[in-house]
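Worksheet: the structure to be examined is printed underneath.
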Amino acid sequence: MLKILLKTALLCGLLLSHIFSQVTINAIKVPGNTSDIGPTSKAWLSARYQNILLYPQITIELDEINKQNMGVTKVKVKAIYDGKNISILLKWRDNSKSPEEKIDPISYADGYAIQLPIQFDDAKKLPYIGMGSKGRTVIVMYNKVTLPRCEQVGNSEFVEYVDESSQQIFGFFLENRHEKPQSSELQRIYIGQGYRNFREVQDKNIDVKMHMLYKKGFWRGTISMPLKSKYLNIDKGEFPISFAIWYGDKKNRGASKIISPWIGVNLEGKDSKNKLVRELSEEAKGDVRNGERLAKENCAACHIYANQKNAPKFMAPNLSNIGGYSTKEYLKESIINPNAILVPGYEKDENRIFSWYDIDEKGDRVSAMPSYDWLDEKSIEDLVAFFMSQK
């Protein structure tokens, strides 16, 4: 009996440790300069890996390649900082290396991204994961592996043309003996405030360094950046961060995207009250079983989730993993005010059976979902608790 109790206590301890590591990353203070360190730097020996769970983001119905690769994935993360700069290392398993063949921001390749909110003083008003939301700006830093390209050297002439049928840009050197390989990574920085308000930052003065390395079935990706910059100030003891990983698939022209929820980062040695961490790790207070009943009565006719598959495909966002990357506050807001955040989806079209948006008299897009603000507070809390369990 004692052995059973000890094993149970050990298991509970491991589970609690795992849960805590899911919501907190400890950035270790190190000497030296961390403004640009790659995956092989010895500076990483100062920190330990922490396990973070990433979930498939499947608001739109999955294509075949996503269905095959769908699943929760564990990513290992380290963080170190020198007082002025912070560096983060991600490590994840991938059985094959899938580079991008042409420069295209929407083509599929192995890659990773981190997302940071501009404002995060109120943990209850964090932006929507993935693209930000109206009035809640995010910065997204993205890196993906590409095939080595060439740049013009000496007197060689680079010629490019556009294929009319595919609209793809092709290029070649007339004197290829002068070719010189360029970097085999494509790095981009975006700023966003939600659907249709997401753009690339062209500021060349942003001091962000990203590196990728594939070795023995694992990718390792790093990002180094200042704690204070023109766009961000994360030098506050703690801040939220979200990670995304892409598994490219060149053969099938698909990709699996997995994404984390907002995770608190603690800067070791900085004054921090851990308020943000507590907010992000706090469980929903509602009754999950009653929430499941309410969801079946009010949501299952339009949304697919868990064992509810009766809704027509493409009618509304798929909520199967919504609890894996959403906050309690986002779900509550979506139930009471569906227009607050519009996620990418299907437009109103005469050839389409379903649309996720309508156009109001001002020409603005509004959600086709009705508000459920008529529900009492307890019912809303129960619905939130149920959908937070969907991961």
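Values reported hereafter were calculated over all heavy atoms of this structure, with side chains retained and with hydrogens, waters and symmetry mates removed.
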*Can a salt bridge be assigned to the pair Asp235 and Lys270 using a cut-off of 4.0 Å between side-chain N and carboxylate O?*
yes
*Do we see a donor-acceptor contact under 3.5 Å between the side chains of Asp110 and Trp219?*
yes
*Are Ile258 and Tyr247 close enough that some pair of their side-chain heavy atoms sits under 4.5 Å apart?*
yes
*Charged N to carboxylate O below 4.0 Å: is that the case for Lys144 and Glu185?*
no
_Any salt bridge linking Glu381 with Lys285? Criterion: basic side-chain nitrogen under 4.0 Å from a carboxylate oxygen._
no
*Do Tyr112 and Asn143 have a side chain donor and acceptor closer than 3.5 Å?*
yes
*Test item: side-chain donor near acceptor, Lys76 and Asn51, under 3.5 Å*: yes
*Are any side-chain N or O atoms of Ser87 and backbone N or O atoms of Thr34, one a donor and one an acceptor, separated by less than 3.5 Å?*
yes
*Set of side chain to side chain contact (heavy atoms under 4.5 Å, CB included) partners for Ala340, sequence neighbours left out*: Glu333, Asn337
*Assign the ring pair Tyr330 / Tyr128 to parallel, tilted or perpendicular, where the plane angle (0 to 90°) is split at 30° and 60°.*
tilted
*Can you check whether Ile80 reaches Ile37 side chain to side chain, under 4.5 Å on heavy atoms?*
yes
*Salt-bridge test for Asp207 and Lys209: reply yes if a basic N is under 4.0 Å from a carboxylate O, no otherwise.*
yes
_On a heavy-atom basis, which atom in Leu280 and which in Pro240 lie closest, and how many Å separate them?_
CD1-CB, 4.3 Å
_Close aromatic pair by centroid cut-off 6.0 Å: Tyr325 and Phe243_ = no
*Any side-chain donor paired with an acceptor under 3.5 Å for Ser379 and Asp376?*
yes
*Under a 4.0 Å N-O cut-off, is there an ion pair linking Glu297 with Arg293?*
yes
_Testing the basics here: between Asp82 and Asn33, what is the closest heavy-atom pair and its distance to 0.1 Å?_
OD2-CA, 3.4 Å
*Please examine the side chains of Ile52 and Leu54, heavy atoms only from C-beta on, and report whether any two atoms are closer than 4.5 Å.*
yes
